[in-house]
Each structure stands twice: as C-alpha cells, then as structure tokens.
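One structure is given below, encoded as structure tokens.
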Amino acid sequence: MRMLIAVMFIAQPLAAQDLTVTREEGLAAWDRVFAVASHPRCTNCHVGDQGAPMWNGLGYGEDRVHGMNVRADESRIGAESVPCRTCHVTSASENTVPHAPPHIDEAWRLPPAELSWLDKTSAEICAQMRNPDTNDGNSVAELMDHVKTSEFVNWGFAPGAGRSVPPGSTTQLAQDLDVWGAAGTPCLDG
Ligand code: HEC
Ligand code: HEC
C-alpha cells in the first residue's frame, strides 16, 4: 500500500504532462480556424499576390474584385496608385453606413502576399500557417497574440454596416490556435 501511494505521488505530475491534446482535437480546432480564415471578411484582404482586394460576400451582388481598379501593389497600401487611405480613413468610430469604405484605428492595407488565403484549401492554408517561412515569421503563440490584438481581426468579427461575420470571436480563435499548436499543428494531409 505504501508503495502504491508513493507511486501515485510520483506519477501525478507526469500524468498532468501526459494530458496532451490529441491529433483529432487539434484537427477539429484547425477546422474552426479555417472557417474563420476562409471567410470573406478575412480573404477580401488576404488575397495573395494578385494585389487587388476583393469584394466577396458583401451581402449584395456577385462576388467580385474591388471596384475602381484599386491595386495594393508592392507597398500593400496602394502608394503607387491610389492609396487605401484615400477612402479607408483611419478612424476608431463605428462602421455604420452600408457600402461605405470600412475604417479602423489602423492604416488599412493588404497583408504580405505570402499570407494568401483566398480560394485556398484547408490543407493549403494549414501548411502555410504552421510554417514561419510562410506565415510572416510567427510562432503559434505570436499568431495567437496577433488575432487577440490586431485591429484588422477585431474589425473582421465586428465589421458593422450589415456585413456578415465569421463564426466565433477573437478569443475563440486564439483558443483554437492554442489547441492546434498543442497538438503539434496537425494538417489533414500530415
Ligand atoms: C484590411 C485588411 C485585413 C483584413 C480584413 C484582415 N487582415 Fe489579417 N492581416 C492584414 C495585414 C496587413 C497583416 C500583416 C501584419 C500587419 O501588418 O499587421 C495581416 C496578418 C494576419 C495574420 C498573420 C500575423 C502576422 O503577424 O502577419 C493573421 C493570423 C491574420 N492576419 C488573421 C486575420 C483574420 C483571422 C482575419 C479575419 C477575421 C483578418 N486577418 C482580416 C490585413 C488584414
Ligand atoms: C476610391 C475609394 C477606395 C479606395 C482607394 C480603396 N477602397 Fe476599399 N472599399 C471602398 C468601398 C466603397 C468599399 C465598400 C464596398 C461595399 O461595401 O459596397 C471598400 C471595401 C473594401 C474591402 C471589403 C471589405 C469587406 O467588407 O470585406 C476591402 C478588403 C478593401 N476595400 C480593401 C482596400 C485596400 C487594401 C485598398 C488599398 C489598396 C482599398 N480598399 C482602396 C473604397 C475604396
């Protein structure tokens, strides 16, 4: 009996460490991350090297490329042609008017081309997101920090003016990234 108690004592901290997240749980968490990343509120900016933002899922009309021939170009802010800020002013006030250019308390711009999610599969985005070479140099912890603090992500979940929102919240998204990371960032194809 004494022995058994001693063993249980020693075993306890190890058991706590052994409570690892399973691959299945990690993949389920990734599914929820993908549901957000593939939503138009994110993919309209995360377009890759086409350089033109999208007007998908605005709630009216066909999905299409941003009107008025807007291009982000190398600068990602359209400095070479018409800068985003010409219409997307920097302002913390609410987005209330439908079809007005959305604005946030941060300079509106496209992400680096490597953060391309538009028309990509879950496996493609997963492989890209877990690799710092293709995710803007981030660890999973840094990605979590980004989704909790980024004005862009925050806007995506509260875009106002009748725009649809991705499932969940910034907190839920950070939690899902955490679970996915703890499971070893599994992707469907490996
Ligand atoms: C207005 C354009 C815009 C929208 C909309 C947008 N993003 Fe981004 N995103 C960016 C930019 C720009 C970056 C590059 C980092 C930076 O400059 O802040 C970025 C980077 C990221 C990164 C990588 C972190 C990093 O340090 O680069 C993640 C993850 C991300 N965005 C998630 C999202 C999610 C999720 C949504 C939708 C809820 C979203 N973004 C919507 C512009 C946008
Ligand atoms: C000439 C004005 C103008 C310029 C310049 C402009 N935009 Fe827009 N943008 C708009 C308008 C207006 C809308 C809203 C369209 C609607 O909802 O009907 C919009 C919407 C968007 C959306 C879609 C938001 C959503 O709800 O998903 C993105 C993404 C976007 N713009 C990115 C950019 C980027 C990046 C730049 C700079 C490279 C830029 N825009 C430059 C006028 C502009």
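For clarity, every value in this text was computed on a predicted model and none was experimentally measured.
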Validation row: Pro186, Trp30 side chains within 4.5 angstrom (heavy atoms) | no
Going hydrophobic residue to hydrophobic residue with side-chain gaps under 4.5 angstrom, can you get from Val36 over to Trp117?
-> yes
Can you tell me how far the NZ atom of Lys120 sits from the OG atom of Ser38, to the nearest 0.5 Å?
-> 13.0 Å
Please check if Ile125 and Val47 belong to a single hydrophobic cluster, counting links between Ile, Leu, Val, Met, Phe, Trp and Tyr side chain heavy atoms closer than 4.5 Å.
-> no
Exam field: side chain Gln50 to backbone Ala52, donor-acceptor pair closer than 3.5 Å | yes
Minimum heavy-atom separation for Cys84 to Gly78, with atom names?
-> SG-N, 4.4 Å
For Asp63, does its backbone N or O pair with a side-chain atom of Asn56 as donor and acceptor, under 3.5 Å?
-> no
Would you kindly confirm whether Leu118 and Leu110 end up in one hydrophobic cluster when ILVMFWY residues are joined by side chain heavy atoms under 4.5 Å apart?
-> yes
Where is the tightest heavy-atom contact between Pro159 and Ser164, given as atom of each residue plus distance?
-> CG-O, 3.9 Å
For Glu80 and Ala72 the tightest heavy-atom approach is OE1-O, 3.7 Å
Which distance, rounded to the nearest 0.5 Å, do you find between the CG of Leu58 and the CG of Asn44?
-> 6.0 Å
Hydrophobic cluster membership, Phe34 vs Leu115, 4.5 Å side-chain cutoff | no
Other residues, nucleotides, ligands: >12 heavy atoms within 6.0 Å of Asp49 CG | no
Contacts satisfying ring pair (Phe, Tyr, Trp, His ring centres under 6.0 Å) that involve residues 135-172 (not counting sequence neighbours) are Trp108-Trp155
Give, for atom CG of Leu173 and atom CZ of Arg32, the distance between the pair rounded to the nearest 0.5 Å.
-> 10.5 Å
Between the main-chain N or O of His39 and the side-chain N or O of Arg41, is there a donor-acceptor pair closer than 3.5 Å?
-> no
Decide yes or no on side-chain contact (heavy atoms from CB on, under 4.5 Å) for Asn95 and His103, but give the supporting numbers first.
-> CA-CA 7 Å; Asn95 288 280; His103 52 81; 3.3 Å; yes
Give a yes or no answer on whether the side chain of Gln175 reaches the backbone of Gln172 with a donor-acceptor pair at less than 3.5 Å.
-> no
Indicate the atoms forming the closest heavy-atom contact of Pro166 with Gly156, along with that distance.
-> CD-O, 3.2 Å
Hey, mind stepping through Glu106 and Ser150 against side-chain contact (heavy atoms from CB on, under 4.5 Å) and telling me if it holds?
-> CA-CA 9 Å; Glu106 163 78 281; Ser150 159; over 6 Å; no
Apply side-chain contact (heavy atoms from CB on, under 4.5 Å) to the pair Val33 and Met129, showing each step before the final yes or no.
-> CA-CA 10 Å; Val33 174; Met129 192 94 89; 4.3 Å; yes
Between Cys126 and Leu188, is a side-chain contact (heavy atoms from CB on, under 4.5 Å) present by the stated rule, with each step listed?
-> CA-CA 8 Å; Cys126 186; Leu188 269 177; over 6 Å; no
Give a yes or no on this: more than 12 heavy atoms of other residues, nucleotides or ligands lie within 6.0 Å of atom CG of Asp119.
-> no
Is there a donor-acceptor pair closer than 3.5 Å between any side-chain N or O of Asp73 and the backbone N or O of Ser75?
-> no
Do you know the tightest heavy-atom contact between Thr121 and Glu124?
-> N-OE1, 2.8 Å
His99 and Arg163: which non-hydrogen atoms are nearest, and at how many Å?
-> N-NH2, 4.0 Å
Regarding Thr22 and Glu25, is there a side-chain donor-to-acceptor distance under 3.5 Å anywhere?
-> yes
Any side-chain heavy atom of Arg130 within less than 4.5 Å of one from Trp180?
-> yes
To the nearest 0.5 Å, atom OG1 of Thr171 lies from atom CE of Met144 at 10.5 Å
Is there a path from Val21 to Leu143 through hydrophobic residues (I, L, V, M, F, W, Y) whose side chains come within less than 4.5 Å of each other?
-> no
Would Arg85 and Thr90 count as having a side-chain donor-acceptor pair, cut-off 3.5 Å?
-> no
